[in-house]
J.: 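Quick one: this structure, given as structure tokens, is what I'll be asking you about.
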Amino acid sequence: MDKTQRIIFYVLTLVAGAAWIAISAQTGPVAADDPAPQAGFPAPDFTLKTPEGESYTLSDLKGNAVLVNMWATWCPPCKAEMPAIEKVYNEYKEQGFIVLAVDQTYQDDPFDIMPFIEDYELTFPVLLDETGDIRRVYQVRSLPSSYFIDRYGFISDVVIGGPMSESLLRIRVEEALK
Amino acid sequence: MLEAFQDFFAPPRHMLFLVLAAWLGLTLAERRSERYGISKDDLNNITFYGLVAFVIGGRLMSILQNPAIFAKKPLDVISINPDLLDPFGALAFAFLAAVIIGQRKQLGFWNSLDALTPFFAVLAIGLGLSHLAEGTIHGTPTSVPWGIEFQGDAQHPVSLYEVLASFLVFGLVWRFGANPRPGITFLSFAALTAASQLLLQAFKANATILFEQYRGEQVLAWLALFFCFVLLEGRLRSESNTG
């Protein structure tokens with residue numbers, strides 16, 4: 001291509017690109033309105049019970065920063081990060097931080113859960129996903145999976161795998177509390 | 001099939017794609033580096049120090065942004081959490097390290113970028129595959145036959161589009177990209193990548209909205225494309241002037 005042909009090519013491509021930006025803005029949703037387990041989206045709602053039978057609904061906790069931590073008693077990195085989660089929970093709970101630790105009960109031994117809570121001296125709510133419905137909605141493929149939810153109910157960050165360090169937890173919690 | 005793929009390469013196994021892509025990309029880059037006047041040893045040095053700087057710089061920037069938090073538990077400075085890497089800091093340090101190595105070895109800036117282009121192109125494929133395995137990028141609602149279902153609704157398989165686009169970009173760069181004029185190979189790759197992002201960002205469900213309607217990622221890709229064209233034209237003219 002000679003110089004003139006190149007300039008025409010650049011201009012046409014950039015004009016087509018600008019038109020595509022305009023078309024993309026006019027069609028389809030450009031904002032995240034529907035719940036999805038991804039940063040920037042409203043967190044999918046759920047209601048689950050603790051082993052003692054107390055019920056928790058995620059949407060009732062709006063106004064707080066929430067960490068939804070998917071775990072199981074047999075998962076080594078889940079065990080490894082529990083002390084850090086407990087420590088950070090105690091540090092930030094006065095500022096409106098809540099942890100919902102969702103045990104994957106459908107693939108866990110229910111008799112191991114209470115001893116686990118006692119051994120690790122967990123003071124935040126541990127919830128039971130007995131049917132695997134929450135796993136499906138949150139598309140959990142690895143344990144642990146952690147969803148940080150801001151005060152408005154939007155997911156601010158997702159951390160897949162672990163164990164999370166205390167510093168990572170503090171950074172993500174402070175972002176969610178903003 | 002997609003679900004089986006995502007189950008098999010569920011995080012943290014999705015990182016395998018990045019490791020494999022880095023190895024394969026470097027192998028392919030080595031095969032062509034001599035064409036750009038860069039020896040295999042120099043290419044390996046740039047990549048090695050670039051990767052080291054990527055990790056150290058990413059963590060360092062994360063620490064500098066949150067000094068009070070790291071002061072509470074200083075040992076977390078060496079934590080293995082990849083989420084504690086600041087991506088922009090990591091890229092800036094990697095670039096800086098590569099420039100310093102290049103200057104010390106007296107390698108041409110554009111020649112070095114050209115020699116590294118296969119590495120970048122394969123890394124883009126690896127990144128796309130890791131996103132696909134991670135399954136965390138959602139598409140806009142669609143009725144196309146190849147839409148994937150999520151919570152009862154079909155959506156564009158945007159991660160799959162990214163993988164296909166990165167394969168296409170790599171194919172074009174590999175087939176036509178062995179241009180001996182400094183900078184042309186890399187800038188062609190950069191322009192194709194910017195163009196593909198400009199196209200594909202339209203299908204992503206979430207976006208940073210500018211002026212209440214435009215997708216920020218598309219605007220950024222358009223600007224990148226514009227600068228690629230400016231630099232390409234500049235490189236072509238300087239070559240014809242010197243030639």
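All values derive from a computational prediction rather than experimental measurement.
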J.: Quick check on A:Arg6 against chain B: is it the side chain, the backbone, both or neither that has a heavy atom closer than 4.5 Å?
T.: side chain
J.: If you count every heavy atom of other residues, nucleotides or ligands that lies below 6.0 Å from B:Phe109 atom CZ, does the total exceed 12?
T.: yes
J.: Taking side chain as C-beta onward, heavy atoms only, is B:Leu236 less than 4.5 Å from A:Lys3?
T.: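 B:Leu236 vs A:Lys3: side chains apart.
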J.: Side chain of A:Glu166, backbone of B:Lys73: donor and acceptor closer than 3.5 Å?
T.: no
J.: Given side chain to side chain contact (heavy atoms under 4.5 Å, CB included), test B:Glu134 with A:Arg141 step by step and report yes or no.
T.: CA-CA 9 Å; B:Glu134 210 175 14; A:Arg141 292 196 173 82; over 6 Å; no
J.: Heavy-atom distance under 4.5 Å to chain B: side chain of A:Glu91, backbone, both or neither?
T.: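 Answer is side chain: those atoms of A:Glu91 sit under 4.5 Å from chain B.
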J.: If you count the non-hydrogen atoms of other residues, nucleotides and ligands that lie under 6.0 Å from CG in A:Leu12, is the total more than 12?
T.: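 Above 12, so yes.
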J.: Is atom NZ of A:Lys62 surrounded by more than 12 heavy atoms (other residues, nucleotides or ligands) closer than 6.0 Å?
T.: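 Check fails, neighbour count at 12 or below.
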J.: Other residues, nucleotides and ligands only: do more than 12 of their heavy atoms fall within 6.0 Å of CD on A:Glu121?
T.: no
J.: Given the rule in the side chain to side chain contact (heavy atoms under 4.5 Å, CB included) test, do A:Ser165 and B:Leu84 qualify, once you have shown the distances and angles that lead to the verdict?
T.: CA-CA 9 Å; A:Ser165 62; B:Leu84 280 179; 3.5 Å; yes
J.: Using a 4.5 angstrom heavy-atom cutoff, name the option from A:Ala16, A:Ala39, A:Ser142 with the most pairs to chain B.
T.: A:Ser142
J.: For A:Gly17, is there any backbone N or O sitting under 3.5 Å from a side-chain donor or acceptor partner on B:Trp222?
T.: no
J.: Counting only N and O atoms by type, is there a donor-acceptor contact under 3.5 Å from the side chain of B:Asn81 to the main-chain atoms of A:Pro163?
T.: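 Yes: the side chain of B:Asn81 pairs with the backbone of A:Pro163.
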J.: Hey, which of A:Ile160, A:Leu14, A:Thr13 has the most heavy atom pairs under 4.5 Å with chain B?
T.: A:Leu14
J.: Atom CD1 in A:Ile21, atom CD in B:Gln213: separation rounded to 0.5 Å?
T.: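 If I round to the nearest 0.5 Å, the distance is 11.5 Å.
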J.: Report the option among B:Phe203, B:Phe229, B:Phe226, B:Phe70 that has the most heavy-atom pairs separated by less than 4.5 Å from atoms of chain A.
T.: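 Option with the greatest count: B:Phe229.
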J.: Could you check whether atom NZ of A:Lys49 has more than 12 heavy atoms from other residues, nucleotides or ligands sitting under 6.0 Å from it?
T.: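 Open: at most 12 neighbouring heavy atoms sit under 6.0 Å from NZ of A:Lys49.
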J.: Name the region of A:Ala18, side chain, backbone, both or neither, that has any atom closer than 4.5 Å to a heavy atom of chain B.
T.: both
J.: Using the rule given for side chain to side chain contact (heavy atoms under 4.5 Å, CB included), can you reason through B:His138 versus A:Gln139, listing the C-alpha separation, both sets of side-chain angles and the distance that settles it, and then say yes or no?
T.: CA-CA 12 Å; B:His138 293 268; A:Gln139 296 184 312; 3.4 Å; yes
J.: So which part of B:Leu75 gets closer than 4.5 Å to some heavy atom of chain A, the side chain, the backbone, both or neither?
T.: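 Neither part; nothing is under 4.5 Å.
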J.: Quick check: does any side chain N or O of B:Asp76 sit under 3.5 Å from a backbone N or O of A:Ser167, one acting as donor and the other as acceptor?
T.: yes
J.: If you define the side chain from C-beta out and look only at heavy atoms, does anything of B:Leu232 sit under 4.5 Å from A:Tyr10?
T.: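 The answer is yes, as the side chains (C-beta and beyond) meet within the 4.5 Å cut-off.
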J.: Which heavy atom in B:Leu199 sits nearest to a heavy atom in A:Trp20, and how many Å separate them?
T.: O-NE1, 3.1 Å
J.: Please indicate whether A:Gln5 has more than 12 foreign heavy atoms, meaning atoms of other residues, nucleotides or ligands, lying under 6.0 Å from its CD.
T.: yes
J.: Looking at every heavy atom in both A:Ala22 and B:Tyr214, which two are closest together, and how far apart are they?
T.: CA-CE2, 4.1 Å
J.: Measuring heavy-atom distances to chain A, does B:Asp83 have an atom under 4.5 Å in its side chain, in its backbone, in both, or in neither?
T.: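 Answer is both: backbone and side chain atoms of B:Asp83 are under 4.5 Å from chain A.
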J.: Determine whether A:Ser24 and B:Gln201 make a side-chain contact, defined as any pair of heavy atoms from C-beta on separated by less than 4.5 Å.
T.: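 Contact flag for A:Ser24/B:Gln201 side chains = no.
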